[in-house]
Amino acid sequence: MKQLIDKLAQQHLLTKEEYTCLIDGFDHDLSEYLFEKAREVRHRIYGRDVFIRGLIEFTNYCKNDCLYCGIRRSNRSAERYRLSMEEILQCCKQGYELGFRTFVLQGGEDPYFTDDRIVELIRAIKSQYPDCALTLSIGEKEHESYLAYFQAGADRYLLRHETADPLHYAQLHPDDLSWQHRVNCLYDLKSIGYQTGCGFMVGSPGQTASMLAQGLLFLRQLQPHMVGIGPFIPQHDTPFRNEKSGTMELTLFMLGLIRLTIPHVLLPSTTALGTIHPLGREKGILAGANVVMPNLSPVSVRKKYLLYDNKICTGDEAAECRFCMQSRMQSIGYQVVTDRGDCKQPE
Ligand code: SAM
Ligand code: FES
């Protein structure tokens with residue numbers, strides 16, 4: 001098995017069978033071996049810098065009904081909110097003062113935020129903070145919409161593909177959503193010129209090792225600039241309430257494999273990882289990740305953006321999250337930097 005990791009470290013690619021064999025059979029020792037190789041690559045390209053992104057969860061209204069998601073349309077218990085332009089700009093102001101140079105606007109697919117409103121928002125943020133990168137994570141849109149946002153100044157777009165297997169996608173989503181459409185969106189985003197991020201949940205219901213292996217081949221094909229992964233965690237008001245969470249061990253192992261498969265990728269150590277283990281985010285960095293995304297949303301709405309149960313940091317002010325992250329990273333020998341944190345080898 002270690003030879004397979006050596007091969008991956010040299011060639012950045014394995015066959016589907018080889019990836020499956022690793023994912024099916026990994027243990028603690030093999031993980032440590034993988035993480036060491038992944039860190040070597042990460043240090044060579046990004047040193048010990050950790051990029052921070054200020055996450056602004058600006059609406060939890062969503063017209064979609066993804067089966068795993070706590071803010072899905074059918075969840076009548078979700079208390080809905082949307083932030084005003086002023087509130088969003090206030091988050092950016094506070095974030096800028098705290099050293100953030102990337103803002104991520106994330107939300108459900110909320111029809112209130114028409115293209116005109118999104119464009120207005122992008123223009124306002126980019127004119128006040130021209131030295132900052134702006135990332136959008138607002139779901140599937142038409143080509144013209146993605147183009148309009150890009151022309152207004154958005155730099156990056158995150159759209160997790162959730163799984164590389166169309167049939168598995170159909171198990172996780174209602175019939176009106178298709179894997180092909182989501183993937184087309186990703187290629188669209190890349191062609192427009194966005195730094196594009198895809199990603200998936202680890203341990204989602206029905207997922208197999210071979211699907212995860214397929215996922216790594218999918219990444220090689222798409223060549224995204226960013227890949228967001230985190231464990232699936234059940235949310236009590238969704239149809240998946242009784243499903244098991246993804247494990248930290250497998251999520252970390254996948255982070256290591258992704259770092260070796262696309263060495264330059266921007267790879268967040270996610271809040272979901274920090275939710276299933278108190279040191280999850282630190283361990284993610286030590287497995288090859290190089291980005292963290294502290295929350296900049298106002299504390300008053302944090303508890304309402306509950307994608308999954310027991311989400312961490314919902315009571316903390318932005319500054320607390322920022323400095324907590326800094327000391328967590330310092331404790332493992334890494335440093336948070338004030339930087340846009342662009343991909344070192346944009347496609
Ligand atoms: N609406 C946008 C979209 O579809 O890309 C962005 C918001 S969506 C809530 C962001 C991500 O949260 C999803 O892509 C999904 O991977 C993750 N997520 C949702 N529910 C989750 C759960 N129960 N456990 C872990 N991650 C979850
Ligand atoms: Fe739309 Fe989760 S179902 S954000």
Side-chain angles (χ1 to χ4, degrees), residues 53 55-76 78 80-82 104-113 118 135-141 145-146 149 156-164 168-169 171-174 176-179 181-183 185-186 188-189 194 196-207 215 224 226-248 250-251 254 268-277 280 293 295 297 301-302 304-312:
R53 320 295 195 202
L55 182 63
I56 305 170
E57 297 158 335
F58 71 104
T59 172
N60 73 350
Y61 283 88
C62 190
K63 67 181 170 62
N64 291 335
D65 220 11
C66 304
L67 275 74
Y68 44 83
C69 185
I71 60 170
R72 66 199 297 265
R73 176 182 74 214
S74 309
N75 183 4
R76 305 269 168 255
R80 305 288 168 174
Y81 74 91
R82 50 175 76 94
V104 181
L105 286 183
Q106 191 183 83
E109 290 191 25
D110 179 356
Y112 170 85
F113 283 100
I118 294 287
T135 306
L136 300 178
S137 177
I138 52 175
E140 297 177 37
K141 306 278 175 182
S145 309
Y146 285 149
Y149 309 155
R156 308 186 185 132
Y157 206 103
L158 294 177
L159 185 74
R160 290 186 176 186
H161 57 293
E162 314 297 358
T163 172
H168 186 220
Y169 193 90
Q171 284 175 255
L172 303 177
H173 299 92
D176 59 335
L177 294 176
S178 87
W179 181 81
H181 188 263
R182 198 140 177 114
V183 170
C185 286
L186 283 167
D188 236 11
L189 289 162
Y194 284 96
T196 304
C198 62
F200 52 88
M201 289 176 290
V202 175
S204 56
Q207 188 178 66
M226 312 173 271
V227 177
I229 73 163
F232 159 74
I233 304 174
Q235 204 278 2
H236 61 276
D237 287 316
T238 65
F240 289 162
R241 63 178 69 83
N242 295 321
E243 300 288 340
K244 282 208 297 271
S245 288
T247 65
M248 177 175 75
L250 182 54
T251 308
M254 293 306 298
S269 189
T270 52
T271 306
L273 193 52
T275 297
I276 56 167
H277 188 284
M293 300 172 68
N295 206 316
S297 312
V301 302
R302 294 248 186 127
K304 300 180 186 164
Y305 199 83
L306 280 194
L307 309 179
Y308 45 79
D309 289 340
N310 306 316
K311 190 175 169 207
I312 51 170

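By convention here, the first residue in the shown sequence is residue 1. Quantities reported herein were computed from a predicted structural model and do not represent experimental measurements. For ligands, and for the atoms within them, numbers begin at 1 and follow the listed sequence. Atoms considered below: every heavy atom in the structure, side chains included; atoms not considered: hydrogens, waters and symmetry mates.
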TODO: Can you sort out which atoms of ligand 1 are near Arg160, meaning under 4.0 Å from one of its heavy atoms?
DONE: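 Selected atoms, number and element: 14 (O), 15 (C), 16 (O), 17 (C).
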Under 4.0 Å from ligand 1, counting heavy atoms only, is it the side chain of [X], its backbone, both or neither?
{"X": "Cys62", "answer": "neither"}
{"X": "Arg182", "answer": "side chain"}
{"X": "Tyr157", "answer": "neither"}
{"X": "Ser137", "answer": "both"}
{"X": "Gln235", "answer": "neither"}
{"X": "Glu162", "answer": "side chain"}

query: What do you reckon, does Tyr308 have a nitrogen or oxygen under 3.5 Å from a nitrogen or oxygen of ligand 1?
result: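 No: no nitrogen or oxygen of Tyr308 is under 3.5 Å from one in ligand 1.
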| query | Are any of the N or O atoms of Leu158 closer than 3.5 Å to those of ligand 1? | reply |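 No: no nitrogen or oxygen of Leu158 is under 3.5 Å from one in ligand 1.
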### Message
Protein heavy atoms near atom 8 (S) of ligand 1, is at least one of them under 4.0 angstrom away?
### Response
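No, because not a single protein heavy atom sits under 4.0 Å from atom 8 (S) of ligand 1.
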Query raised in the report: Given Ile71, which of Thr238, Asp237, Leu307 fulfils the side-chain contact (heavy atoms from CB on, under 4.5 Å) condition?
Result: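 Exactly one pass, corresponding to Leu307.
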(message) What protein N/O/S atoms are there under 2.8 Å from atom 2 (Fe) of ligand 2, waters excluded?
(response)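 Those protein N, O or S atoms (cut-off: under 2.8 Å from atom 2 (Fe) of ligand 2) are Cys69 SG.
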Q. Between His173 and Tyr68, does the ring centroid distance fall short of 6.0 Å?
A.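 Yes.
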| query | Salt bridge between Glu109 and Arg72, side-chain N to carboxylate O under 4.0 Å? | reply |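 Between Arg72 and Glu109 there is no salt bridge, as every charged N stays at least 4.0 Å from the carboxylate O atoms.
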Worksheet item: Is any NZ, NE, NH1 or NH2 atom of the basic residue among Arg82 and Asp110 found under 4.0 Å from an Asp or Glu carboxylate oxygen of the other?
Response: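 The answer is yes: the pair qualifies as a salt bridge.
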